[in-house]
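Both counts, for ligands and for their atoms, begin at 1 and track the order of listing. Since we're looking at a predicted model, the values are computed, not measured.
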Amino acid sequence: MTVRLNEKFATPFVAPHELDNLRPAVSGALEALQKKNGPGSDFLGWMDLPVNYDKEEFARILDAATRIKKSCDIRVVIGIGGSYLGARAAIEFVKSPLYNDLQKDTPDIYFSGNNISAAALSELLAICEGKDICINVISKSGTTTEPAIAFRVFRELMVKKYGVDGARERIFVTTDRARGTLKHFSDESGFETFVVPDDIGGRFSVLTAVGLLPIACAGIDIAAMMQGAAKAREDYASDDLDTNAALRYAAYRNVFYRKGKKTEILVGYEPHQLMLNEWWKQLYGESEGKDQKGLFPASVIFSTDLHSLGQYIQDGARHIFETVLDIRDMGAEYLIPHDEANVDGLNFIAGKSLNEVNKTAMLGTLFAHTDGQVPNLVIELSDRSAASFGYLVYFFELACAVSGYLLGVNPFDQPGVEAYKKNMFALLGKPGYEEAGEALRARME
Ligand code: PA5
């Protein structure tokens, strides 16, 4: 498992001194993280997590995954934001976006409680009919509305189907160690609980029980995933900007931001990366987007989106840079067949591997977009194993924290997320929000 930062398509846009000038700031940012004396330093538990995670809980996760595999056709994972994106990203990346349709000896996994859609909830309930289900509700605060609604619905369903005692065996809760409504309710009800550590925010929590339990249920080797993250922790401990790829990535992002490239697009060439992109967008968007600053994190999957957003990236407003994730070995191969009649004119690529054509599309796009004045960084990842996923997670988390410090923000809080919640509660008439509700209704008149 390795990450290599290929800078060939970025260097034409950055003079060497621009990176050099950032050396002291980059070293300072890493030192503040390592010494835990920068903004938000109460939330740095993710930094040493790959080596000092709770081994007893890890064993319980593996045990629960084995029990779930035996007793469930369907595993419903209830959570939103950092409480579901990492697990979903891992399952689609390491296994497949078609995981549920694959032949396998692990349960189907569906994600719920990450929206307020009646249609989505009703459809999932219909899918669950006649099937044996288990649920894993994940909420650090234990009070987030979206998962709370889904949990209420699935809890009722499970009690009806299995009775109170049967349901208890099938409900797994991941939440705060000691505080919050969900923790208290779980203790009273006897649900098995797992911990979201105090010092790890939602978007940095994929390698805690938040991500590990659903990921283990999909049959992914979570020990290898932790080993991958531990290797990245070791590889990115030095403040040498010449050799530390995570620091270089953070520095480039900052240089581009200062040059007016305010949008970063994470690019993939495999549909398996779609949810990783979503995880990355939350990580960077919630960490950097504050104090009226921050790169806007966007994402695409090529070549699919070359036929939609490709036009804008090639020719539209020049406020963009791209970061391409190049997975060197996807572990699958397909050769393009020869057709004697050649009606589609494709025989010039007959016998070539689809991977080669995909890589050629990538190369052609890199040339085209840089010719169109869009700088491109390329992150080369060796493969899509569990270990490489863990490695990549740590790479992005560290680069994100350093980026936040370079920008002068606290990368570990998310004050802006509260604004919509307050308004929604006020408009729904939640006790305590009456005055705010009246003020909003007056604004609508
Ligand atoms: O990164 C974060 O902290 C957020 O995205 C949370 O993960 C999200 O809001 C869900 O919160 P909770 O786990 O408390 O339900």
Which class fits the ring pair [X] and [Y]: parallel under 30°, tilted 30 to 60°, perpendicular over 60°?
X: Tyr433; Y: Phe425; value: perpendicular
X: Tyr284; Y: Tyr249; value: perpendicular
X: Trp279; Y: Phe389; value: tilted
X: Phe256; Y: Phe321; value: tilted

> Which is closest to atom 5 (O) of ligand 1 by heavy-atom distance: Glu418, Gln282, Arg203?
Replying inline: Gln282

How far is [atom] from the closest protein heavy atom, and which atom is that?
atom: atom 7 (O) of ligand 1; result: Gly82 N, 3.0 Å
atom: atom 2 (C) of ligand 1; result: Glu286 OE1, 3.2 Å
atom: atom 3 (O) of ligand 1; result: Gly202 N, 3.5 Å
atom: atom 11 (O) of ligand 1; result: Thr144 OG1, 3.6 Å

> Counting each atom of ligand 1 from 1 as listed, which ones have a heavy atom of Ser141 under 4.0 Å away?
Replying inline: 12 (P), 14 (O), 15 (O)

> In terms of atom number and element, which parts of ligand 1 are under 4.0 angstrom from non-hydrogen atoms of Ser139?
Replying inline: 12 (P), 13 (O), 14 (O), 15 (O)

>> Are Phe185 and Phe191 an aromatic pair, judged by ring center distance below 6.0 Å?
In response: yes

>> Less than 6.0 angstrom separating the ring centers of Tyr236 and Phe395, yes or no?
In response: yes

> Do any N/O atoms on Lys421 end up under 3.5 angstrom from N/O atoms on ligand 1?
Replying inline: no

> Looking at ligand 1, does any of its N/O atoms fall within less than 3.5 Å of an N/O of Gly81?
Replying inline: no

> Ile80 near ligand 1, heavy-atom distance under 4.0 Å?
Replying inline: yes

> Within 4.0 Å of atom 9 (O) of ligand 1 (strictly less), any protein heavy atom?
Replying inline: no

> CZ of Arg318: more than 12 outside heavy atoms within 6.0 angstrom?
Replying inline: yes

>> If the threshold is 4.0 Å, N to carboxylate O, is there a salt bridge linking Lys293 and Glu288?
In response: no

